[in-house]
Amino acid sequence: MDQFKEIRQTEKKYASIAISIAIFVGLALILLSFKALGKGLILGTLFSVFNFIIAGETLPMRLGITRNRAILISGGSILMRYVLLAIPLIMSIKMPQYNLATTVIGLFMIQGLILVEQMSRVIFSSTPKHLDY
Amino acid sequence: MTFETYEWIRAAAFTGAGLSVGLSAIGAAIGEGYTAGKANQAVSYRPNLSGEILRTMLVGQAVAETAGIFGLVIAMMLLFSPAEGHSILTAWAYLGAGLAMGLSAIGSGVGSGLPAGSACEGIGRQPGMANKLNTLMLIGSGVSQSPAIFGFLIALLLLFKPLPDTMALIPAFSLLASGLCMGFGAIGPGIGDGIVAGNAVTGAARNPETLSILTRTMLVGQAVTESTAIYALVVALLLSLNT
């Protein structure tokens with residue numbers, strides 16, 4: 001359906017930018033001998049992207065079905081996403097190859113990207129009264 | 001039956017982790033649910049705009065979920081925090097950290113959902129304003145997250161602060177009170193920020209010509225609303241540094 005195309009486009013847009021930033025910054029950190037920092041950032045971002053994609057992909061499953069089934073799918077999706085986000089945190093706490101601080105930064109990559117994109121739209125808008133209708 | 005110090009610390013860390021993720025999930029879930037509810041309402045009278053409304057809902061829910069992720073991060077740190085060789089004061093610090101994070105995330109989670117819900121509703125009313133309403137919604141939601149960020153900072157401070165070896169009642173309660181102060185102090189500002197932003201988005205959708213003045217009024221209103229969270233942050237810092 002058309003409405004899910006728009007959701008998929010949004011997922012693609014944010015996921016590709018987030019992954020590109022993580023790989024670029026992560027590789028730079030690895031090349032500068034901060035391996036744990038770089039690996040942590042890439043790991044956190046990967047799981048942040050998975051979380052966002054799962055949230056979007058389970059949307060169609062939650063629509064047009066019975067109420068009980070919708071509650072079950074929504075609950076399962078939330079639980080699955082929480083468990084998914086816990087994985088990189090546990091990995092970075094237990095394994096010295098991954099830095100905890102950059103993993104946490106990576107986990108907020110999608111949210112940060114959304115906010116930065118909107119803020120830059122406001123700041124770098126071509127017209128001076130950018131928010132005027 | 002007596003328990004070793006490290007067992008008390010471990011028990012406090014687990015309790016703090018439960019409080020952190022459990023309380024923060026309340027706020028995030030209410031915020032996300034409110035957004036989805038308003039999106040449903042908007043789709044019901046504008047089914048042809050369902051794609052744009054669902055996209056706004058997804059982005060708004062992702063921002064509202066930030067508070068829940070903060071809670072999860074602190075919970076994981078608490079679950080794997082060291083216990084052996086630490087003083088019993090660490091147990092109080094861990095409880096304080098869980099409370100600071102969990103309680104502060106309630107307000108931010110709920111608050112972030114309010115502008116997201118208003119944006120879904122507003123797009124149904126003014127489809128041509130979708131991009132501008134999204135921007136206003138995300139600025140409002142982003143500011144609503146700041147009380148949770150304050151809670152996150154206090155929780156980190158309590159987790160990593162070096163503590164004296166001897167147990168004393170006043171430092172122990174100072175650590176717990178620091179968490180309670182930041183946690184409770186952040187609930188109101190988080191929700192208040194959301195109310196300001198939600199109404200600004202509704203107003204912009206109703207009268208697009210006022211978008212510029214509404215944005216300014218929203219930011220000033222949120223700054224004032226935020227001041228009580230800053231008081232709580234200052235007092236929480238004083239309490240935690242008093243040990």
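Naming convention: chains lettered A, B, ... in sequence-line order (proteins, then strands); numbering from 1 in each chain. For clarity, every value in this text was computed on a predicted model and none was experimentally measured.
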Would you please classify the geometry between the B:Phe70 ring and the A:Phe108 ring as parallel, tilted or perpendicular, with 30° and 60° separating the classes?
-> tilted
Can you establish whether the number of heavy atoms outside B:Tyr45 located under 6.0 Å from its atom OH is more than 12?
-> yes
Neighbour count above 12 (heavy atom, 6.0 Å) for A:Lys13 NZ = yes
Compare every heavy atom of A:Ile114 with every heavy atom of B:Ala62, then report the nearest pair and how far apart it is.
-> CB-CD1, 4.3 Å
Against chain A, label B:Asn131 side chain, backbone, both or neither, depending on which of its atoms sit under 4.5 Å from a heavy atom there.
-> both
To the nearest 0.5 Å, how far apart are CG in B:Leu58 and CD in A:Glu11?
-> 6.5 Å
Side-chain touch A:Arg81/B:Glu65, heavy atoms, less than 4.5 angstrom = yes
Determine whether more than 12 heavy atoms belonging to other residues, nucleotides or ligands lie under 6.0 Å from atom NZ of B:Lys161.
-> yes
What parts of residues 71-82 of chain B touch chain A if we use heavy atoms and a cut-off under 4.5 Å?
-> B:Leu72, B:Val73, B:Met76, B:Met77, B:Phe80
Do any of residues 21-36 of chain B have a heavy atom less than 4.5 Å from a heavy atom of chain A, and if so, which, in residue order?
-> B:Val21, B:Ala25, B:Glu32
Heavy-atom contact with chain B under 4.5 Å, split by part of A:Leu89 = side chain
Region of A:Tyr82 that comes under 4.5 Å of a non-hydrogen atom in chain B = both
So which of B:Ile53, B:Val63, B:Ile69 has the largest heavy-atom pair count under 4.5 angstrom toward chain A?
-> B:Ile69
